[in-house]
Amino acid sequence: MHTFGKQEHLCSIPEIQKLFHEGKSFFRHPVKLYWLPGNWAGKPVAKVIVSVSKRNFKKAVDRNFIKRLLRECYRRNKVIVEDGLTGKRCIVALVYSGKEIPEFKSLEPIIIKLLERLVKEYETTAG
RNA sequence: UCAACGUGUUCUGUCGCUUCCGGUUGCAGAACCGGAAGAGGAAAGUCGGGGCAAUACAGGGCGCCAUACUUCCUAACGGGAAGGUUCCGCAGCCGGCGGAAACAGCAAGUGCCACAGAAAAUAACCGUCUUGUCGCGACUUGUCGCAACAGGAUAAGGGUGAAAAUGUGGGGUAAGAGCCCACGGCUCAGGUUGGUAACAACCUGCGCGGGUAAACCUUAUGGAUUGAAAGACCAAAUAUACCGGAAGGUUCUGCCGAAAGACAGAACAGGGAGCUGCCCGCUCCUUUCCGGGGGGUAGGUCGUUAGAACCUUAUGGCGACAUAAGGGAUAGAUAAAUGACAGGAGUCCCGCAUUAGCGGGAAACAGAACCCCGCUUACAACGUUGAACGG
């Protein structure tokens, strides 16, 4: 139910490059969300990648921690996307662009808002 | 306080991640269930060295780079062990202890040495001594003294400086000087003794040359380059060299042929692209379909986790370490797993009580990326050991 396995990760290099070059994005401090509609036949509704800038966090420990938080937030709230976009497919990137190490409790509501907005935007652009 | 070494919190619940094993369903791709394992002493910096891999490579010289007291250890190292020398510290000397060293050569050549100083390396500014000329003075009348100018000798004294030409004493001399002598210091050469050696002690002899090689350089030794994104293999889609099969407008020419026809070339038609808002026009290109197929992209598999490894004991060695015997072993990700939340336990700190206790807070440095051996740097708290001496 609340799984976040390998299938739901976005791993293909060309797809990632396409997402960051052509994808639409919106921002809610301190996380930026990129997205594009996908067109595969398989199971997951969304493939997700998380990213933290090396410029803001020099230590690998800090970057790993933030990525784990982002992944955890998505895992707990991905029902929003699965219910909102049944039958559709999309690829998503969550980029942390803040400069301080966040806490789980403050980060989770932001992710919820972002995912709700993603569902709305997808419906207005795709029809 | 400093230095060295060691340890580097832990348990339960809920949800979740990666790998492996087992089971169920399914033709299969997969899905689900259960179980096991899952970051460090530095995983870091990527600074040495090696394994491994690819490429290059007759042999030699020059060049370039690295290293630089000695012996030993090691697969190897710029690492380590033991020892030597010099310097520093323990208020002075000797011993002892501790620490530091880019510790081969400036006595092979070349260069450089700020400021100050006459001068920074073929030393003469002041001073000291002396010769000549001219002048002045003295008197015992051809000597002495003083001053100026010109020349010579001199490294004893002065001041400058980080550093000024071997130190002290004596002789010597016009004044001086290793010029000579005594006792020292240092360099080189030779020898004796001890030591594997660096070196130390002593003896003899030539000598006295300032510093600087993290200046060029000289000597000796070593050195191919790249780096797991190395490299090996499998390989969708799309385009396609090449091969096979089928179909392939009209006319003319050449060639083969009796003919049918095949091949080649040209023109026209057709198709496509460009110029343009459109037409005309001009330029360029020229079969189509099906099958095979090589290289090769996305992606995947291997490399890829048992290794010069670790632990214990014994033996050898001052020691680094070596040898032998025995023992325990599952991290393998790849836009990159090892987590989040909640609640305890232990440790430390603060406050209140100062006997149990209560409340609050803190837990560093830091995240495997082919694998090893080192070095360097970071580090809360706790534990162990050592440290400022003798005559």
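Order of the sequence lines fixes the chain letters, A, B, ..., with proteins taken first and strands second; residue numbering starts at 1 for each chain. These values consider heavy atoms only, across backbone and side chains, with no hydrogens, waters or symmetry-generated copies.
Mapped onto RNA chain B by nearest heavy atom, A:K67 and A:E72 fall at different nucleotides, with A:K67 at the one closer to the 5' end.
Nucleotide B:rU1 is matched to B:rA387 when pairs are restricted to Watson-Crick or G-U wobble geometry with both distances under 3.5 angstrom. Remark: B:rA189 base-pairs with B:rU204; criterion is Watson-Crick or G-U wobble with both hydrogen-bond distances under 3.5 Å. Using the Watson-Crick or G-U wobble rule with both distances under 3.5 Å, B:rA246 pairs with B:rU288. Across all strands shown, B:rU283 forms a Watson-Crick or G-U wobble pair, both distances under 3.5 Å, with B:rA273. Pairing of B:rG13, defined by two Watson-Crick or G-U wobble distances under 3.5 Å, is identified with B:rC341. With both pairing distances under 3.5 Å, B:rU74 is matched to nothing as a Watson-Crick or G-U wobble pair. The nucleotide B:rG105 finds its pairing partner in B:rC217, both defining distances of the Watson-Crick or G-U wobble pair being shorter than 3.5 Å. Pair assignment for B:rU173: none, as no Watson-Crick or G-U wobble contacts are both less than 3.5 Å.
Of all heavy-atom pairs spanning A:V81 and A:V119, the tightest one is CA-CG2, 4.3 Å.
Put simply, the side chain of A:R71 never gets that close to the backbone of A:V50: no donor and acceptor are under 3.5 Å apart. A donor-acceptor distance shorter than 3.5 angstrom exists from the side chain of A:Y122 to the backbone of A:R89, with no hydrogens or angles considered.
Taking the P atom of each, B:rG105 and B:rU187 are spaced 12 Å apart, rounded to whole Å. Comparing the same atom, P, in B:rG167 and in B:rG209 gives a spacing of 11 Å after rounding to whole Å. When the C1' atom is used for both B:rG383 and B:rC373, the distance is 30 Å, rounded to whole Å. Taking the P atom of each, B:rG367 and B:rG40 are spaced 14 Å apart, rounded to whole Å. Between B:rA214 and B:rA104, the two P atoms lie 9 Å apart (nearest whole Å). Nucleotides B:rC88 and B:rU74 have their P atoms positioned 38 Å apart, rounded to a whole Å.
In this entry the distance linking CG of A:N64 with P of B:rU18 reads 16 Å, nearest Å. In this entry the distance linking CG of A:L69 with P of B:rC17 reads 17 Å, nearest Å. With rounding to whole Å, A:F65 atom CZ is found 19 Å from B:rC17 atom P. The CD1-C1' distance, from A:I49 to B:rA336, rounds to 10 Å in whole Å. Separating the NZ atom of A:K58 from the C1' atom of B:rC365 is a distance of 16 Å, rounded to the nearest angstrom. Note: CD (A:E103) to P (B:rG339) measures 18 Å, nearest angstrom. Between A:N77 atom CG and B:rA340 atom P there is a gap of 17 Å when expressed in whole angstrom units. Between the NZ atom of A:K18 and the C1' atom of B:rA298 there is a distance of 14 Å, given to the nearest Å.
A:R68 has a side-chain polar atom (N or O) that falls below the 4.0 Å cut-off from OP1 or OP2 of B:rU338. At B:rG339, none of the side-chain N or O atoms of A:R75 fall inside 4.0 Å of OP1 or OP2 (strictly under the cut-off).
Contact annotation for A:R63: no contact, since no heavy-atom pair falls under 4.0 Å across all strands.
With A:Y74 as reference, A:V48 is the one residue of A:L69, A:V92, A:V48 to meet the side chain to side chain contact (heavy atoms under 4.5 Å, CB included) rule.
The nucleotide whose nearest atom lies closest to any side-chain atom of A:R71 is, among B:rC15, B:rU338, B:rA368, B:rU338. The side chain of A:F104 sits closest to B:rC341 out of B:rC341, B:rU338, B:rC15. With B:rA336, B:rA366, B:rA342 as the candidates, the nucleotide lying closest to the side chain of A:H9 is B:rA336.
Relative ring orientation between A:Y34 and A:F20 is described as perpendicular, the plane-to-plane angle rising above 60° on a 0-90° scale split at 30° and 60°.
You won't find any donor-acceptor pair under 3.5 Å spanning the side chain of A:R76 and the base of B:rC15, going by distance alone.
Taking 4.0 Å as the cut-off between side-chain N and carboxylate O, A:K24 and A:E121 do not count as a salt-bridged pair. Of the charged side-chain nitrogens involved, none lies within less than 4.0 Å of a carboxylate oxygen, so that A:E15 and A:K18 do not count as a salt-bridged pair.
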